[in-house]
*Asks:* 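Take this structure, written in structure tokens, and hold onto it; I'll ask about it next.
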Amino acid sequence: VDPDRFAVAAATVDGATEGVGDLDHAFTIQSISKLLLYGLALETWGEDVVADKVGVAPTGESFNAIVLDGDRNRAPNPMVNAGAIAITDLVPGDHVDARVDVVREMYARYLGRRPEVDRDVWASERRTGNHNRAIAYLMLDRGIVEDRVEETLDLYFAQCSVLVTTTDLAVIGATIANHGRHPSTGEQVVPPAVARDMMTVALTCGMYDYAGEWAYSVGIPAKSGVGGGILGVLPGTAGVATFSPRLDSHGNSVRGIAVFEELSRAFDMHLFDPERPWYSST
């Protein structure tokens with residue numbers, strides 16, 4: 001990956017887009033996919049079924065920590081790897097190709113096209129994903145996931161290897177911000193209640209073990225990925241996205257965080273800032 005790539009994009013809920021930098025450069029979505037798969041699981045199975053498998057509590061641990069909720073026998077939240085694998089296990093289908101199609105169709109509703117998968121990255125993650133295998137087999141032992149671990153892991157690696165642009169991420173953010181309705185096509189991608197739950201978990205858990213600092217300094221729902229992307233959601237207003245591959249110790253984009261911090265200060269984007277332009281209902 002070229003470490004000097006950089007882009008910033010915004011998409012409003014009425015369909016306008018703006019951006020600067022390497023907007024046409026495609027990169028793998030990685031952990032940002034966790035937010036979208038969480039929405040798919042809620043839409044498909046409902047809140048009660050999903051809550052039996054995955055909680056919503058921040059862990060304070062790294063995204064790949066082997067940590068489970070012992071009291072409820074479930075993964076801690078859907079934004080860490082354990083929770084994301086448990087969510088991916090809920091994707092319906094009789095075999096991996098059918099389940100990949102379900103995921104690609106979900107992406108198509110957000111993007112307006114069926115996305116490509118970076119097959120080299122997919123294959124690499126298959127070869128090197130033994131830590132995630134350890135997490136998944138522990139969850140199988142606990143009865144959290146079904147007895148199809150390798151297939152679910154293959155699907156998990158595939159969902160993370162989907163190629164997107166920074167503008168794509170901004171449009172996804174705008175769709176969630178627009179209560180689940182796509183700003184250009186008008187399609188209801190996810191129900192409003194699901195979009196609400198997605199934004200809530202993004203705010204509390206979306207930036208790995210940096211989530212508390214992010215909520216304090218930036219104050220908007222967001223999800224990062226080790227591919228260098230950050231997706232931010234301004235409820236009822238817009239999606240904002242950045243791309244820059246250099247990561248910090250948490251796995252978040254260094255320049256992406258800096259951009260969001262500056263945007264939040266300059267434009268009063270913090271959810272709890274009474275001066276933000278989109279605070280009132282008028």
Side-chain angles (χ1 to χ4, degrees), residues 5-13 17-21 23 27 29-36 38-39 56-63 77-80 164-179 195-280:
R5 294 276 189 181
F6 180 68
V8 184
T12 64
V13 296
T17 60
E18 290 287 349
V20 294
L23 295 172
F27 54 93
I29 192 168
Q30 296 296 332
S31 286
I32 297 171
S33 67
K34 296 172 181 175
L35 183 61
L36 308 188
Y38 180 57
V56 293
T59 66
E61 304 284 347
S62 64
F63 64 91
N77 71 67
M79 302 297 107
V80 295
V164 293
T165 67
T166 313
T167 301
D168 287 336
L169 291 185
V171 171
I172 292 171
T175 301
I176 300 168
N178 198 32
H179 311 294
R196 176 204 64 199
D197 291 347
M198 293 169 71
M199 286 187 278
T200 302
V201 170
L203 179 64
T204 58
C205 307
M207 298 297 288
Y208 306 135
D209 48 330
Y210 187 72
E213 289 88 343
W214 174 274
Y216 186 83
S217 63
V218 178
I220 67 172
K223 184 71 195 85
S224 63
V226 295
I230 298 178
L231 178 155
V233 182
L234 306 178
T237 303
V240 179
T242 59
F243 169 64
S244 179
R246 287 189 172 96
L247 307 178
D248 63 17
S249 61
H250 302 283
N252 298 320
S253 169
V254 174
R255 285 188 291 187
I257 287 177
V259 168
F260 270 96
E261 288 177 341
E262 180 61 25
L263 289 174
S264 182
R265 285 193 297 266
F267 297 105
D268 301 315
M269 288 181 174
H270 198 292
L271 279 177
F272 306 118
D273 188 341
E275 301 302 320
R276 70 186 189 274
W278 38 287
Y279 183 80
S280 71

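These figures come from a predicted structure and were not determined experimentally.
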*Asks:* I need the minimum non-hydrogen distance between M207 and A222, along with the two atoms involved.
*Replies:*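 Shortest heavy-atom separation between M207 and A222 comes out as SD-CB, 4.1 Å.
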*Asks:* Nearest 0.5 Å please: distance from the NE2 atom of H179 over to the CE atom of M199.
*Replies:*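 Between atom NE2 of H179 and atom CE of M199 there are 6.5 Å.
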*Asks:* Can you check whether P78's main-chain N or O pairs, donor with acceptor, with K34's side chain at less than 3.5 Å?
*Replies:*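 Checking the backbone N and O of P78 against the side chain of K34, no donor-acceptor pair under 3.5 Å is found.
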*Asks:* If you look at every heavy atom in D197 and Y38, which pair is closest and at what distance?
*Replies:*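 Looking at all heavy atoms of both residues, the shortest contact is O-CE2, 4.0 Å.
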*Asks:* Return the CD1 to OG1 distance between I257 and T242, rounded to the nearest 0.5 Å.
*Replies:*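 Output value for this atom pair is 8.5 Å.
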*Asks:* Are the side chains of F267 and L234 in contact, using a 4.5 Å heavy-atom criterion?
*Replies:*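 Heavy-atom side-chain distance check fails, nothing below 4.5 Å.
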*Asks:* Enter the distance from L23:CG to E18:CD here, rounded to the nearest 0.5 Å.
*Replies:*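 Result: 10.0 Å between the selected atoms.
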*Asks:* Taking only residues two or more places apart in sequence, or in another chain, which ones meet T166 in a side chain to side chain donor-acceptor pair (under 3.5 Å)?
*Replies:*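 In terms of side chain to side chain donor-acceptor pair (under 3.5 Å), with neighbours along the sequence ignored, T166 is linked to no residue.
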*Asks:* Are the side chain of W214 and the backbone of I220 linked by a donor-acceptor contact shorter than 3.5 Å?
*Replies:*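 Such a contact is found between W214 side chain and I220 backbone.
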*Asks:* Do any pairs count as a ring pair (Phe, Tyr, Trp, His ring centres under 6.0 Å) and have a residue in residues 225-256, sequence neighbours left out, and if so which ones?
*Replies:*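 Qualifying pairs, neighbours excluded: H25-F243, F27-F243, Y210-H250.
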*Asks:* When you compare the side chain of Y208 with that of V226, does any pair of heavy atoms fall below 4.5 Å?
*Replies:*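 Result yes, sub-4.5 Å side-chain heavy-atom pair found.
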*Asks:* What is the minimum heavy-atom distance between S217 and E261, and which atoms define it?
*Replies:*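 Looks like OG-OE2, 3.6 Å.
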*Asks:* Heavy-atom distance under 4.5 Å between the side chains of P221 and L271, does that happen here?
*Replies:*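 Yes, at least one pair of side-chain atoms sits under 4.5 Å.
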*Asks:* Check the side chains of T165 and D168 for a donor-acceptor pair under 3.5 angstrom, ignoring hydrogens and angles.
*Replies:*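 Present: a donor and an acceptor within the cut-off.
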*Asks:* Looking only at heavy atoms, what is the nearest atom pair of C205 and A57, with distance?
*Replies:*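 Heavy atoms of C205 and A57 come nearest at SG-C, 4.1 Å.
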*Asks:* Considering residues at least two apart in sequence or located in another chain, which fulfil the side chain to side chain donor-acceptor pair (under 3.5 Å) criterion with T204?
*Replies:*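 With neighbours one apart ignored, the set is empty.
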*Asks:* With rounding to the nearest 0.5 Å, note down the distance linking CE in M269 to CD in E262.
*Replies:*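 It is 10.5 Å, given to the nearest 0.5 Å.
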*Asks:* Check whether any side-chain heavy atom of I176 sits under 4.5 Å from a side-chain heavy atom of L35, and report yes or no.
*Replies:*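 Heavy-atom side-chain distance check passes, below 4.5 Å.
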*Asks:* In the structure I gave you, are the side-chain heavy atoms of E213 and V218 within less than 4.5 Å of one another anywhere?
*Replies:*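 No - every pair of side-chain heavy atoms lies 4.5 Å or more apart.
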*Asks:* For S253 and S244, work out which heavy atoms get closest and say how close.
*Replies:*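 Closest approach of S253 to S244: OG-O, 2.8 Å.
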*Asks:* Evaluate the side-chain proximity of S224 to L247: yes if any heavy-atom separation is below 4.5 Å, no if none is.
*Replies:*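 SC-SC contact between L247 and S224 ruled out.
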*Asks:* Between the main-chain N or O of F260 and the side-chain N or O of S264, is there a donor-acceptor pair closer than 3.5 Å?
*Replies:*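 No; judged by distance alone, with no hydrogens or angles, the pair does not exist.
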*Asks:* Give, for atom NZ of K223 and atom CG of L169, the distance between the pair rounded to the nearest 0.5 Å.
*Replies:*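 One gets 11.5 Å once the value is rounded to the nearest 0.5 Å.
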*Asks:* Calculate, to the nearest 0.5 Å, the distance between atoms OG and CD1 belonging to S33 and I172 respectively.
*Replies:*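 Going from the OG atom of S33 to the CD1 atom of I172 covers 10.0 Å.
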